[in-house]
Amino acid sequence: MPAMYEDLQIISYPDPRLKKPSAPVNAVDDSLKELVARMLQLMREHHGVGLAAPQVGQNIRLFVMNHSGDPKDDRVYINPELTEAEGAEDAEEGCLSLPGINANVVRDKTLRMRAVDLDGRSIDQKETGYIARVWQHEFDHLNGTLIIDRMGAVAKMAARKKLRELEEAYEAAHPRPPKPKLLRRK
Ligand SMILES: [Zn+2]
């Protein structure tokens, strides 16, 4: 793996890259394959079910997932589009970019997914339940939406302390430049 991606790590709230809408992938090339390999590695290391490119600081429309933990169930979705939503279901979700926070999120129950895979082939799938839920969670990341944006007011209150801790950790790791001193007019 080239040095370009081997140092990539999962970024956490409130990193601004998580709030940025991602741009379509233009080409499925070797560089993209290397990025996907690193994302799958990080997803496994952190025991995640899915990981979207913005979560490693890459604002492109791509995510990986594995709902079973068996490497042969690795799935890669490039430029995904979700349509034909049916039904609704409420269930708890976590997010690798919001460590320590779980939230109930209402999602569409059944969806159709159209995307491109890592060989550049078209994907056209329909899923119900858990996989459809992962799709929606990861798809949200591509539009800069996190589970805290879909939480109710009460749940957000409950998560406030944890969010503050994440904000403080981010501020400590990314100190802001000192404000320029105001020039006093004579
Ligand atoms: Zn997430």
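Keep in mind that the numbers below use all heavy atoms, side chains included, and drop hydrogens, waters and symmetry copies. Counting starts at 1 for both ligands and their atoms, following the listed order. This is a predicted model, so every value here is computed, not measured.
Between D149 and K19 there is a salt bridge, since a side-chain N of the basic residue sits under 4.0 Å from a carboxylate O of the acidic one. With respect to R107 and E93, a salt bridge is recorded, a charged nitrogen being found less than 4.0 Å from a carboxylate O.
Between the side chains of R38 and Q41, a donor-acceptor pair is found at a separation under 3.5 Å.
Excluding waters, the count of protein N/O/S atoms less than 2.8 Å from the Zn ion (ligand 1) comes to 3.
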Return all side-chain donor-acceptor pairs below 3.5 angstrom for residues 150-158, not counting sequence neighbours, or 'none' if the list is empty.
from: R150; atom 1: NE; to: D140; atom 2: OD2; distance (Å): 2.5
from: R150; atom 1: NH2; to: D140; atom 2: OD1; distance (Å): 3.0
from: R150; atom 1: NH2; to: D140; atom 2: OD2; distance (Å): 3.4

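Sorted by first and then second residue, the ring-ring contact (aromatic ring centres under 6.0 Å, His included) pairs involving residues 126-164 (not counting sequence neighbours) are Y77-W135, H137-H141. Within the structure, every pair that satisfies the salt bridge (Lys or Arg N to Asp or Glu O under 4.0 Å) test and touches residues 63-75, not counting sequence neighbours, is listed here: R44-D74, D70-K72, R75-E127.
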